[in-house]
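What follows is a set of notes on a single structure, which appears directly below.
Small disclaimer: the values here were computed from a predicted structure and weren't measured. If you read the sequence from its start, that first residue is 1, and numbering goes on from there.
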Amino acid sequence: MLTKSDLTILHLLTLILIWIGMSTAQNSNLDERVSSLLSRMTLQEKIGQMSQFNGFGGTIPDDFKDKLRAGLVGSVLNEVNTGTLNEMQRIAVDESRLGIPLLIGRDVIHGFKTILPIPLGQAATWNPDLVEKGARMAALEARSQGINWTFAPMIDITRDPRWGRIAECLGEDPYLTSVLGAAMVRGFQGEHLHDKGSLAACAKHFAGYGAAEGGRDYNTASIPENELRDIYLPPFKASLEAGVATMMSAFNEVNGVPATGNEFLTRQILRQEWQFKGFVVSDWESVIQQVAHGFTESQKAAAGQAIRAGIDMEMASTSYAQYIRELLGENIITMEMIDQSVARILRVKMLLGLFENPYTDPASFPELLNDGHRAIAREAAAQSLVLLQNKQNRLPLKNDLKSIAVIGPLADAPHDQLGTWIFDGDKRHSITPLQAFRDNAGKNLTIHYAQGLAISRTKDLSGFSEAVNAAQQSEVVILFLGEESILSGESHCRADIGLPGAQEALVDVLAETGRPIVAVILAGRPLTFRNILDKVDAVIYAWHPGTMAGPAICDVLSGKVAPSGKLPVTFPTHVGQIPIYYAHKNTGKPPTPQSWVKMDDIPADAPQLSIGNTSHYLDEGYEPQFPFGFGLSYTTFQFSDLQISGPRVAMGESVKISVRVTNSGQYDGHEVVQLYVRDLFADRTRPVRELKGFKRITLKKGQSDTVTFEIETHDLAFHNRQMKLVTEPGEFQVWVGSDSRANLTANFEIIK
Ligand code: BGC
């Protein structure tokens, strides 16, 4: 006799079998469609599919129409005029021999028209659901205009805030980046690529781009293979598991081999080891840049090398179109390589449903910048704000204030608050902090505004007296400091990451007024600003928050929304500490508070070796300004009662770690509970801590909750000296708390 639960299991099994059957049938159907089309293609048409061209600003030149008709264009990027895009698709579909639709690519990095916080800001939300929602909103807006492929998410790990593209990535940590990158993929692509409003996503840049020497863009990356596999590659694997349709190769070389001609990266790891089924596009002209790298002697050789490495589509340059035929004739590449690339590209086009409908009708989509989209951007911006300092609980602002001074070069900078990579954003839609303050102020509140400095970089002090005046007339100063958007982003790296221009001097003169100061810093990267910390009461790090910066900042300053952002990257005290990151190694001589004798404290006649011989700087010590994961709230949270499911865990099993969290302060609030683990002894030394889980919770004042994490032993794996991914038996230490310095700790052991 079958019991009720047997029947349920049977039912479930049947459903699973039907599902497997359906998806296998769908896949083989798709494979058949692809190979049937491929078998009818000429070599010229195949090369066309592998070629991506830049758009022409809303027009289609006659010779490009001819190319479309001849099937010589697989994809177009940077064209956003909907009429032009529909017309391009029409020519490709109606007037070319095989009617293959186009992939239309665009950098939809953090929003399309409604601009979300820069990705680094989104990472500070530690909120995958919100990040997914933002990506979905951006996808809907972009797809409505005819775009069907975004070059995002950017999931390069970087530990160097000098690098301008840190703005565009999700921080320093492989786990956080994996979780949030996968969320972006899900948001862009929807449940199915052919869903209305889906974009094909592109995980980039494969690989190691964020390890550029000295934080100089495009520069050399030297990454030991185990670090490549343990730190730089996991976010790409996570994107792949989330179903990402495409990936982009990187500009940089990795250990002497440009990423765009790197068989080891693309052919071996991506395709053989990971079985990636999507296609790989080069970065902008990165195929032919192999010549400048000194890796191939000609563009023809560069094309051959990229194809051998498995780069399916060439962006912007035309070496594939020029040389594939010759390269085939000389047996440098094979027809099989070409067929595989074309098949992968066609597959994505079919999955997107482009053969059924290549066109777009914007009227059938929700309006751009609609209220719902702006609400998502506002929520994301509010959650991205990180409260770094709040002396005397200066924040939230009292609601009986009669006067506020709004000061600073970023208080009313509608373009700069949008941040880098906002091709389609428009400052006319931005609501600036100044505007939001004015909109919100009832008739009892006077806003005194002064820019102080015209732009963040200026050293012209002529606006200071007006700023001091505004401060003197006000009960509190809200000071908007930071970096203009042009100071971060691609190739916009900085050797000094301090507050640019005369901003520190502005803080000095305002501090002299004795008014309390709340600094809100808008920037594309972590800046160093310790000189102002003693002079201001509160600091909110706001990144570049996007279209809705103003309302979101007001929401948090007023206490309508509790601050909950956490740093996705370590903030150094001084640029000379870089690289500084939480998951560092212990070294054989780890520093301690006692071992660091500060340079100024060294007696003039100290013998050479009498000061602490540990790994630190005499002048800058070894601690960052603010650690990874850090962020305050208006309330306080206490962590207690750390429990581990058992002292020993068998290999292959999982361990549960739970902690009690209490809101012990005066406000309701959100906390991101973070779990860190250290493998105490291993075949290769392991980082002092690694993030292995996090959960965002909401607690009313006085409320408590128990948060439980479950990790499997394979979550603790790393690449050993034989380059095998292993979890080793032995002792592990865990910490749970509100940032990477959490001190509530316990141990467990993994046994064979
Ligand atoms: C960037 C890519 C981007 C591409 C297309 C390149 O310069 O590195 O990330 O997707 O341009 O705009």
Side-chain angles (χ1 to χ4, degrees), residues 33-106 146-149 200 246 279 281-282 284-285 287-288 299-300 302-304 306-307 311-330 333-350 352 354-360:
R33 271 179 80 192
V34 168
S35 42
S36 135
L37 180 52
L38 192 64
S39 69
R40 287 182 285 139
M41 291 172 78
T42 64
L43 177 59
Q44 262 329 93
E45 286 163 340
K46 290 178 184 173
I47 297 171
Q49 289 306 306
M50 296 170 71
S51 306
Q52 183 184 50
F53 295 84
N54 202 30
F56 308 90
T59 59
I60 318 178
D62 285 342
D63 59 339
F64 195 70
K65 285 185 182 162
D66 291 341
K67 277 203 169 86
L68 288 165
R69 288 187 189 106
L72 302 184
V73 181
S75 173
V76 170
L77 82 158
N78 293 337
E79 175 56 70
V80 280
N81 182 296
T82 303
T84 309
L85 287 175
N86 276 339
E87 177 59 7
M88 282 184 177
Q89 292 284 23
R90 193 198 60 75
I91 300 174
V93 169
D94 288 351
E95 297 184 18
S96 77
R97 197 177 70 90
L98 294 171
I100 303 176
L102 303 167
L103 280 167
I104 308 293
R106 184 70 162 170
I147 291 153
N148 51 40
W149 180 20
T246 73
F279 75 84
V281 62
S282 78
W284 184 276
E285 297 189 340
V287 172
I288 59 172
Q299 294 195 359
K300 175 176 156 188
I307 290 167
I311 308 300
D312 304 302
M313 184 183 282
E314 179 177 21
M315 182 191 287
S317 48
T318 56
S319 65
Y320 282 14
Q322 284 176 269
Y323 302 114
I324 281 182
R325 194 175 286 278
E326 278 177 50
L327 290 163
L328 280 168
E330 292 163 22
I333 56 173
T334 64
M335 199 60 203
E336 197 194 351
M337 290 174 184
I338 301 297
D339 281 348
Q340 282 173 347
S341 287
V342 177
R344 291 181 196 121
I345 294 165
L346 293 177
R347 194 167 176 274
V348 171
K349 292 185 174 186
M350 287 178 188
L352 275 165
L354 295 179
F355 284 84
E356 289 71 34
N357 181 12
Y359 306 112
T360 186

Could you grab the distance from atom [atom1] of [X] to atom [atom2] of [Y], nearest 0.5 Å is fine?
X: Leu103; Y: Leu354; atom1: CG; atom2: CG; answer: 6.0 Å
X: Leu72; Y: Asp63; atom1: CG; atom2: CG; answer: 11.0 Å
X: Gln44; Y: Arg97; atom1: CD; atom2: CZ; answer: 11.5 Å
X: Lys67; Y: Ile91; atom1: NZ; atom2: CD1; answer: 13.5 Å
X: Lys300; Y: Glu326; atom1: NZ; atom2: CD; answer: 4.0 Å
X: Asn78; Y: Ile147; atom1: CG; atom2: CD1; answer: 9.0 Å

Practice task
Count the heavy atoms of every other residue, nucleotide or ligand shown that sit under 6.0 Å from CD of Glu336, and state whether that count exceeds 12.
Solution key: no
Residue pair [X] / [Y], side-chain heavy-atom distance below 4.5 Å:
X: Met315; Y: Ser282; result: yes
X: Thr318; Y: Gln299; result: no
X: Lys46; Y: Leu38; result: yes
X: Ile104; Y: Gln89; result: yes
X: Met41; Y: Ile100; result: yes
X: Ile333; Y: Leu328; result: yes
X: Phe279; Y: Arg347; result: no
X: Asn54; Y: Trp284; result: yes

Exercise for the section: Would you check if there is a donor-acceptor pair between the side chains of Trp149 and Thr246 at a distance under 3.5 Å? Expected result: yes
Problem - Pair Ser75, Gln52: side-chain N/O donor-acceptor within cut-off below 3.5 Å - result: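 The criterion, which ignores hydrogens and geometry beyond distance, is satisfied for Gln52 and Ser75.
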Any donor-acceptor pair under 3.5 Å from [X] side chain to [Y] backbone:
X: Asn81; Y: Gly57; answer: no
X: Asp339; Y: Thr334; answer: no
X: Glu314; Y: Ser319; answer: yes

Practice task
Walk me through it: do Arg33 and Leu37 pass the test side chain to side chain contact (heavy atoms under 4.5 Å, CB included)?
Solution key: CA-CA 6 Å; Arg33 271 179 80 192; Leu37 180 52; over 6 Å; no
Practice task
Show your working on side chain to side chain contact (heavy atoms under 4.5 Å, CB included) between Phe64 and Val73 and close with a plain yes or no.
Solution key: CA-CA 9 Å; Phe64 195 70; Val73 181; 3.8 Å; yes
Heavy atoms only: give me the nearest [X]-[Y] pair and the separation to one decimal.
X: Gly304; Y: Leu327; answer: N-CD1, 3.4 Å
X: Ser341; Y: Asp312; answer: OG-OD1, 2.7 Å
X: Phe355; Y: Pro101; answer: CE2-CD, 3.5 Å
X: Val348; Y: Ala200; answer: CG1-CB, 4.3 Å
X: Tyr320; Y: Met50; answer: CD2-O, 3.6 Å
X: Thr59; Y: Met88; answer: O-CE, 4.4 Å

Problem - Basic-acidic side-chain contact under 4.0 Å: Glu95, Arg90 - result: yes
